[in-house]
Q: 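Take this structure first; my questions come after.
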Protein chains: 2
Amino acid sequence: MLAANIHRMARRREQTHARLVDTGLRLFAAQGYDATTVAQVAAAAGVTEMTFYRHFATKQDLVLDDPYDPLIESSIDQQPPGLDPLTRVVRAFRAVWRNLPESGNDDVRTRIEIIVATPSLRAGTWATTERTQQMLVDRLEADGTDRLSAVVATSVVLAALNAALLEWGRAGRGPLGPVISAALDVLEPRHG
Amino acid sequence: MLAANIHRMARRREQTHARLVDTGLRLFAAQGYDATTVAQVAAAAGVTEMTFYRHFATKQDLVLDDPYDPLIESSIDQQPPGLDPLTRVVRAFRAVWRNLPESGNDDVRTRIEIIVATPSLRAGTWATTERTQQMLVDRLEADGTDRLSAVVATSVVLAALNAALLEWGRAGRGPLGPVISAALDVLEPRHG
DNA sequence: GCGATGAATGTTAGCCGCTAACATTCGAGC
DNA sequence: GCTCGAATGTTAGCGGCTAACATTCATCGC
């Protein structure tokens with residue numbers, strides 16, 4: 001009965017939210033992101049355009065949604081502070097990936113495919129990662145890393161992950177794990 | 001008399017273009033990018049909104065303009081193909097920077113400061129770099145580098161440069177060269 | 001049960017980025 | 001001077017997004 005106690009009002013909101021995400025991703029995938037109107041998505045979800053914007057700040061946000069920061073945060077804290085910043089961030093993400101259930105839902109695939117096909121979304125991805133980057137930079141600076149090195153190390157690793165995701169989306173159907181791993185190997189070659 | 005023979009018609013176009021850039025950067029810097037309307041910039045430049053869009057595809061493009069690709073292209077070709085892709089791209093950019101006149105115009109500073117202050121522009125930067133990245137990836141693949149490594153190596157280096165530019169913009173007045181150099185050092189530590 | 005409260009949604013109006021189609025000015029060359 | 005074409009102007013409209021106000025509807029105290 002987990003989460004059965006949440007108020008029905010909140011449930012109602014979650015339901016429309018989920019309906020918007022489902023119909024949105026479906027329409028974007030079917031007829032293209034740019035060719036799909038927010039009004040269309042809203043109508044197909046049985047709701048008003050205004051309600052759409054009450055659930056997503058922008059049209060992009062329906063596609064670019066990722067609440068993985070907490071996982072990353074705890075992972076970076078568990079890395080030994082003696083390492084150089086780049087290696088440290090790389091290993092933090094390796095650990096995050098090891099502890100993640102392989103793939104989870106298929107939405108991820110759909111999302112990435114939409115992003116791959118849409119230039120404006122590819123750019124928009126970076127707005128999303130800025131939060132993550134800021135968090136990582138704070139962590140590194142707290143341990144004495146100078147600001148420039150911290151900023152460069154984090155933005156570089158996030159760029160590698162992003163590139164890996166896009167490549168994974170462009171290629172046919174395969175597991176994501178090895179692609180991520182190979183991308184990080186470019187920054188920290190495996191010695192062995 | 002260099003370039004004196006270009007038709008006056010083309011000169012006229014260049015002049016309005018320059019006027020748009022000047023007034024645009026001035027207004028963006030003074031009252032903020034988002035708070036400034038394309039119509040305002042056009043009017044201040046003594047021109048119509050439509051003319052603005054005949055010179056720049058989007059509002060962003062007035063700020064995000066960089067024709068450095070040719071320099072980079074020749075530099076990547078001069079790197080020995082034996083190196084691993086990351087080192088190769090890093091060294092190519094080190095060389096580009098050595099051969100560049102220190103700083104040049106002050107527009108760069110203004111542009112970066114506007115970008116630093118405007119989230120949507122920070123994201124938009126990546127749309128611009130996609131062209132550069134594609135070119136670099138093609139070069140690397142031509143020499144036998146596998147696609148993923150090529151994509152990751154280039155996107156990572158471009159991310160480092162971008163981070164360096166933003167940090168330089170955030171900090172007070174100093175030369176850009178050392179910041180770029182230090183950023184690249186994160187990816188290829190100096191041995192000596 | 002019933003009314004009151006507040007959350008979720010609806011309605012309307014409008015700004016701004018951007019595009020298309022058509023009209024106009026203005027410089028270059030005969 | 002006239003003609004051609006490039007640069008600019010005009011008008012109309014779509015789509016993303018916001019603000020201000022109205023409405024439905026589930027919950028809670030009574």
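Below, chain A is the first sequence line, B the second, and so on; all start at residue 1. In this text, all values refer to a predicted model and were calculated from it rather than measured experimentally.
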Q: Ion pair present between A:R94 and A:D185, side-chain N to carboxylate O less than 4.0 angstrom?
A: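 Yes, this pair counts.
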
Q: Provide, to the nearest angstrom, the distance between the CD atom belonging to B:Q40 and the C1' atom belonging to C:dC16.
A: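 So the two atoms are 11 Å apart, to the nearest Å.
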
Q: Check B:E113 with B:R170, please: is the shortest side-chain N to carboxylate O separation under 4.0 Å?
A: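 So B:R170 does not pair with B:E113 through a salt bridge.
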
Q: Looking at B:T51, does any N or O in its side chain come under 4.0 Å of the phosphate oxygens OP1/OP2 on D:dG9?
A: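 Indeed, a polar side-chain atom of B:T51 lies that close.
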
Q: Pick the closest DNA chain D nucleotide for A:Q60 and for B:V47 by heavy atoms, then say which residue is nearer the 5' end.
A: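 Mapping each residue to its closest nucleotide by heavy atoms, the 5'-most match is B:V47.
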
Q: Measure the distance from CZ on B:R12 to P on C:dA28 and round it to the nearest whole Å.
A: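 Distance check: B:R12 CZ to C:dA28 P gives 10 Å.
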
Q: Treating B:R122 as the side-chain partner and A:A127 as the backbone partner, does any N or O pair qualify as donor plus acceptor under 3.5 Å?
A: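 Looks like no, no N/O pair under 3.5 Å.
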
Q: Which of the following nucleotides, D:dT8, C:dC18, D:dT18, is nearest to the side chain of A:Y53?
A: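 Closest of the options to the side chain of A:Y53: D:dT18.
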
Q: In this structure, how many angstroms lie between the C1' atom of D:dT8 and the CD atom of B:E14, rounded?
A: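 In whole Å, D:dT8 C1' and B:E14 CD are 17 Å from each other.
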
Q: Have a look at B:T48 and say if it touches a base, only the backbone sugar-phosphate, or nothing, with a 4.0 Å heavy-atom cut-off.
A: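 Touches a base.
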
Q: Can you tell which of C:dT19, C:dG10, D:dT8 lies closest to the side chain of B:M50?
A: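 Of C:dT19, C:dG10, D:dT8, C:dT19 is nearest to the side chain of B:M50.
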
Q: Does the distance from a Lys or Arg side-chain N to an Asp or Glu carboxylate O, for B:D66 and B:R111, drop under 4.0 Å?
A: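 Salt bridge between B:D66 and B:R111, a charged N being under 4.0 Å from a carboxylate O: no.
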
Q: Please state how far atom CD in B:E49 lies from atom P in D:dG9, giving the value in whole angstrom units.
A: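 Taking CD of B:E49 and P of D:dG9, I get 12 Å after rounding.
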
Q: Which nucleotide in the set D:dC17, C:dG17, C:dT9 lies at the smallest distance from any side-chain heavy atom of A:K59?
A: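 From the listed options, D:dC17 comes nearest.
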
Q: Has A:T16 got a side-chain N or O lying under 4.0 Å from the OP1 or OP2 atom of C:dT9?
A: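 Yes, because at least one side-chain N or O of A:T16 sits under 4.0 Å from OP1 or OP2 of C:dT9.
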
Q: Whether A:H55 contacts C:dA8 is assessed here as follows: a side-chain N or O lying under 4.0 Å from the phosphate OP1 or OP2. Is that the case?
A: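 It does not, given that no N or O in the side chain of A:H55 lies less than 4.0 Å from OP1 or OP2 of C:dA8.
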
Q: Mind calculating the distance between CZ (B:F52) and P (C:dC16) to the nearest angstrom?
A: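 From B:F52 CZ to C:dC16 P: 15 Å.
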
Q: Is a side-chain N or O of B:T118 found less than 3.5 angstrom from the main chain of B:I115, in a donor-acceptor match?
A: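 Checking the backbone N and O of B:I115 against the side chain of B:T118, no donor-acceptor pair under 3.5 Å is found.
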
Q: What is the nucleic acid contact for A:T36, judged by heavy atoms within less than 4.0 Å: base, sugar-phosphate only, or nothing?
A: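 Counting heavy atoms under 4.0 Å across all strands, the contact made by A:T36 is with sugar-phosphate only.
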
Q: Could you state the CG-C1' distance from A:D61 to D:dG16, rounded to the nearest angstrom?
A: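 Going from CG in A:D61 over to C1' in D:dG16 covers 13 Å.
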
Q: Starting from C1' on C:dA28, measure out to CZ on B:R13 and report it in whole angstrom.
A: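 The answer, rounded to whole Å, is 17 Å.
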
Q: Please tell me which of the listed nucleotides, D:dG16, C:dC18, C:dT9, lies nearest to the side chain of A:T37?
A: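 Closest of the options to the side chain of A:T37: D:dG16.
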
Q: Tell me: CZ of A:R54 to P of D:dC21, nearest whole Å?
A: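 The answer, rounded to whole Å, is 14 Å.
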
